[in-house]
Amino acid sequence: MQVFDPHHSSILIDEKTIQNRVRELGAEISAQYPDGVTLVGILTGALYFLVDLSRAISSPIEIDFIGISSYVGTSSSGTVTFTKDLSREIDDRHVLVVEDIVDTGRTISALLTLLKDRNPRSLGICTLLDKPERRIVPVPIHHCGFTIPDQFVVGYGLDYNQAYRNLPYIAVLTPP
Ligand code: IMP
Ligand code: MG
């Protein structure tokens with residue numbers, strides 16, 4: 001496990017606060033989909049959130065993943081590339097996209113366009129974090145863990161060049 005330099009970071013959301021909020025979101029989602037829902041996680045950032053969230057949902061669930069990449073370092077490349085497709089059909093299913101963070105909105109927007117064509121019964125978005133100040137493309141967010149200011153964050157799945165995903169909390173990364 002890489003060493004996280006505390007001089008170049010500060011904790012924004014601690015582990016307990018994340019876990020409490022994930023349980024609340026799980027209850028919200030269970031109430032909304034009593035007959036079940038397919039969780040579609042966006043790789044790789046949403047992995048930790050999706051695992052914890054799925055355990056907080058009491059309705060029947062299916063899990064699938066889609067691979068999308070748009071970020072290099074701390075800035076969005078602006079182009080969204082699909083790197084892995086879903087493993088199963090979603091037609092006539094209630095689908096809830098699970099994302100780590102909505103920033104410009106480009107990723108979610110491109111994904112919604114793709115998934116809508118596959119005729120799900122419903123299509124919702126659940127994001128752990130929302131950075132509304134950076135939004136370029138408006139997107140409907142149905143479940144949101146935390147709204148955060150315009151700062152680059154890592155941990156609990158979020159990375160900086162693939163590092164820091166395994167931190168149990170969300171930290172702001174300040175370059176040295
Ligand atoms: P968007 O397409 O600009 O909304 O970007 C969404 C994707 O960019 C997320 O799925 C993240 O992978 C990545 N991202 C955006 N902001 C951050 C951040 O502060 N830290 C780490 N990754 C981020
Ligand atoms: Mg992502």
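Order of listing sets the numbers, starting from 1, for every ligand and every atom in it.
More than 12 heavy-atom neighbours from other residues, nucleotides or ligands sit within 6.0 angstrom of CD on Gln19.
Rounding to the nearest 0.5 angstrom, the gap separating the CD1 atom in Ile68 from the OG1 atom in Thr83 is 7.5 Å. The distance from atom CG of Leu173 to atom OH of Tyr160, rounded to the nearest 0.5 Å, is 7.0 Å. Atoms CD and CD1, on Glu24 and Ile29 in that order, are 11.5 Å from each other to the nearest 0.5 Å.
Taking every non-hydrogen atom of Glu99 and a distance limit under 4.0 Å, the qualifying atoms of ligand 1 come out as 9 (C), 10 (O). Residue contact check: Thr107 has heavy atoms under 4.0 Å from atoms 1 (P), 2 (O), 5 (O), 6 (C) of ligand 1. Short contacts between ligand 1 and Asp159, defined as distances under 4.0 Å to a heavy atom of the residue, involve ligand atoms 21 (C). Interface atoms of ligand 1 facing Gln151, defined by a heavy-atom separation under 4.0 Å, are 19 (O). Atoms of ligand 1 found under 4.0 Å from any heavy atom of Arg106, numbered from 1 in the order shown, are 2 (O), 4 (O).
Below 3.5 Å of separation, one finds no N or O of Phe152 facing any N or O of ligand 1.
Proximity of Leu158 to ligand 1, defined as any heavy-atom pair under 4.0 Å, is confined to the side chain (atoms from C-beta onward). Proximity of Lys131 to ligand 1, defined as any heavy-atom pair under 4.0 Å, is confined to the side chain (atoms from C-beta onward).
Across Thr127, Ile101, Thr17, a single residue satisfies side-chain contact (heavy atoms from CB on, under 4.5 Å) together with Phe146, and that is Thr17.
A heavy-atom separation below 4.0 Å is not found between Gly45 and ligand 1.
One option in Leu12, Val102, Asp100 has a heavy atom closer to atom 12 (O) of ligand 1 than any other, and that option is Asp100.
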### Worked verdict on Arg118 versus Asp85 for salt bridge (Lys or Arg N to Asp or Glu O under 4.0 Å)
CA-CA 12 Å; Arg118 299 184 185 186; Asp85 199 357; 3.0 Å; yes

### Query
Gln32 and His143: side-chain hydrogen bond (donor to acceptor under 3.5 Å, both in side chains), yes or no, with the steps?
CA-CA 11 Å; Gln32 192 185 339; His143 305 272; 2.6 Å; yes

